[in-house]
**Q** 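Structure incoming, see below.
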Amino acid sequence: MTEKVHRYKAYTLRNFLQIKQLIKLTRAEIRDLEVAGNVLPFRVNNYVVDELIDWDNYREDPIFNLTFPRKEMLTTEHFTLMDSTLREHGDPDVINQIRQIIYDRLNPHPAGQLDLNIPEVNGKTLHGVQHKYRETVLFFPSAGQTCHSYCTFCFRWPQFVGIDNLKLATNESEMLAAYVQKNQDITDVLFTGGDPMIMNYKTFERYIDPILRIYKTCGLQTIRIGTKSLAYWPYKFTSDDQADDFIRLFEKIVKTGINLAFMAHFSHPRELETRAVEQAIRRLRATGAQIRTQSPILRHINDKPEIWSAMWRKQVNLNCIPYYMFIARDTGAKHYFELPLVEAWEIYRHAYQNVSGVCRTVRGPSMSCTPGKVQILGVSETGTEKIMVLRFIQGRNPDWVAKPFFARYDPEATWMNELKPAYGEKFFYEDELESLYKRKTADSEQFNFE
Ligand SMILES: *Cc1c(COP(=O)(O)O)cnc(C)c1O
């Protein structure tokens, strides 16, 4: 493609004062950013800064809130602690220690998500692979453990390392291919991260190749790539040096007969408005790949029905398929971003009512918790009582899927573990879930996580 070259430039705590638009911030706001950025994820790039954020209205700007840590995202206690630590110590070790103490308070089980579902091949553990649902394995390639820009609500990022190592890529991918071949029920491999599209071409290809080689002898139908790159760095698919190589590889995957699906993370319609993202989507779609879209619903970013209906409509107009609306996990700066489940459903339903059927491929709001993906179907009434109607979109046991079940109405609950069954002592799946996991963990706290 003959396109202007766009050089990727990342800004972090080390160099963020080079962002010229920050001149609009007050000195106090810059200080707040520095303090919050020492706790929360902070990495943003020139595309996000120059093309996505409306700097005339940055305080209310959804993309600013999505990428720039703010004082309000921390509790007063944590903010004050980091603020005074930075004032009193230039010593990076002390700052790191305090940061670690705050992390531990924000997310008590950073690793628990993976521990419950790690599979084995020939007695060897497959680190970076999670097999929770029969048809689909999640794969976290070591070389894809970072992103083009960080979302302030993300809490995977303290684990980001981003090792781009060809040998590691081959080993990991061959283990995965062996596992997929052994488990003929697996139809989908989902590359996730971080962001797999952070990888350079050679490394990415190393990950894909072994899977293409075994494709004919296993149950595989779909390769999915979970990515925020269309929103944060669309040039990956247009003007970057290796863009054409990637496009050719995607074409090759599709030609092999595999369904290639980009699970694109878009949080706001703004991210779909630039020429760059339109071109990137067009180029990806021309390879024969599908693009399906998903995002969590977040306070201060997208907590209005008009935002979601506009976003789904734009996505469909660009030939993307709306897929999931998620409830954000109960970690990180949750008090800033969270919404009650009932309010999330109200936003979902009003947005859904305002788009035509072609946009209604979206499902939500959905929580990924230990038993599965639970969708809030809505609030209903049984004579005198309000109840919440739920169902599994995905279940630890596939037989749980698509059976409505009921919780007591709770307009304040923000996550599954706060809901109580409307009838009886337990939700219908609880005994079975407990026996599935009795051997794995004695700690019921873990049940809030994947
Ligand atoms: C969401 C998810 C998947 C994919 O589920 P689909 O409903 O097929 O999109 C796979 N594994 C885990 C752990 C998930 O959370």
Side-chain angles (χ1 to χ4, degrees), residues 109-119 126-141 144-145 153-156 159 176 179-180 183 185-196 211 219-228 258-266 289-297 315 320-331 344 348 360-377 390-403 415-417 429 433 436-437 440-441 446-450:
H109 305 287
Q113 300 186 20
L114 279 175
D115 290 351
L116 288 173
N117 313 287
I118 303 179
L126 269 76
H127 291 285
V129 176
Q130 183 184 13
H131 191 185
K132 177 168 167 179
Y133 306 128
R134 189 176 55 198
E135 297 81 12
T136 305
V137 283
L138 292 196
F139 179 43
F140 299 75
Q145 297 306 310
F153 67 83
C154 178
F155 228 73
R156 267 193 188 148
Q159 305 154 56
L176 173 71
Y179 184 73
V180 172
N183 293 268
D185 281 341
I186 297 171
T187 58
D188 289 40
V189 171
L190 201 171
F191 283 74
T192 182
D195 191 327
I211 297 172
L220 186 74
Q221 320 277 326
T222 291
I223 294 177
R224 300 195 227 177
I225 315 280
T227 185
K228 180 86 190 172
I258 292 175
N259 166 240
L260 175 63
F262 286 83
M263 311 306 285
H265 176 183
F266 288 109
Q290 296 177 339
I291 304 172
R292 294 177 186 264
T293 58
Q294 52 191 24
S295 173
I297 179 165
Q315 288 165 354
C320 302
I321 308 163
Y323 192 64
Y324 277 139
M325 174 201 272
F326 287 116
I327 302 287
R329 237 168 256 291
D330 50 352
T331 54
Y348 175 84
R360 292 185 187 166
T361 48
V362 66
R363 290 159 305 158
S366 164
M367 283 174 281
S368 283
C369 35
T370 305
K373 277 197 173 61
V374 176
Q375 180 182 14
I376 298 119
L377 280 176
L390 313 167
R391 70 161 191 159
F392 283 103
I393 294 175
Q394 276 291 5
R396 196 63 81 169
N397 175 348
D399 189 50
W400 300 344
V401 172
K403 291 180 184 168
W415 197 253
M416 190 64 205
N417 62 330
Y429 57 84
L433 181 68
L436 282 173
Y437 279 94
K440 302 263 181 183
T441 175
Q446 292 232 7
F447 277 46
N448 304 333
F449 290 85
E450 277 183 323

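Counting starts at 1 for both ligands and their atoms, following the listed order.
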**Q** Heavy atom of L138 under 4.0 Å from ligand 1?
**A** yes

**Q** To the nearest 0.5 Å, how far apart are CD1 in I376 and OH in Y348?
**A** 10.5 Å

**Q** Do I186 and Y179 come close enough that some side-chain heavy atom pair is under 4.5 Å?
**A** yes

**Q** I need the atoms of ligand 1 closer than 4.0 Å to a non-hydrogen atom of S368, numbered in the order shown.
**A** 15 (O)

**Q** Measuring from F326:CZ to K373:NZ, what's the distance to the nearest 0.5 Å?
**A** 5.0 Å

**Q** Looking only at heavy atoms, is any part of M263 under 4.0 Å from ligand 1, and if so is it the side chain, the backbone, or both, or is it neither?
**A** neither

**Q** Mind listing the closest non-hydrogen atom pair of P296 and H265 along with its distance?
**A** CD-NE2, 3.7 Å

**Q** Within the 4.0 Å heavy-atom shell around Y324, which atoms of ligand 1 are there?
**A** 6 (P), 7 (O), 9 (O)

**Q** Can you tell me how far CZ of R224 sits from OG1 of T136, rounded to the nearest 0.5 angstrom?
**A** 4.5 Å

**Q** Are the side chains of Q221 and N259 in touch, meaning some heavy atoms are under 4.5 Å apart?
**A** no

**Q** Do ligand 1 and Y133 have nitrogen or oxygen atoms that lie under 3.5 Å from each other?
**A** no

**Q** List every atom of ligand 1 that sits less than 4.0 Å from any heavy atom of Y323, numbering the atoms from 1 in the order shown and giving each element.
**A** 6 (P), 7 (O), 8 (O), 9 (O)

**Q** Examine the proximity of ligand 1 to K373 and report which part, side chain or backbone, both or neither, has a heavy atom under 4.0 Å away.
**A** side chain

**Q** Is K132 close to ligand 1, meaning an N/O of one under 3.5 Å from an N/O of the other?
**A** no

**Q** Using the ring of each side chain (for Trp, its six-membered ring), is W400 parallel, tilted or perpendicular to F392, with breaks at 30° and 60°?
**A** tilted

**Q** State whether the shortest distance between N or O atoms of Q394 and N or O atoms of ligand 1 falls below 3.5 angstrom.
**A** yes

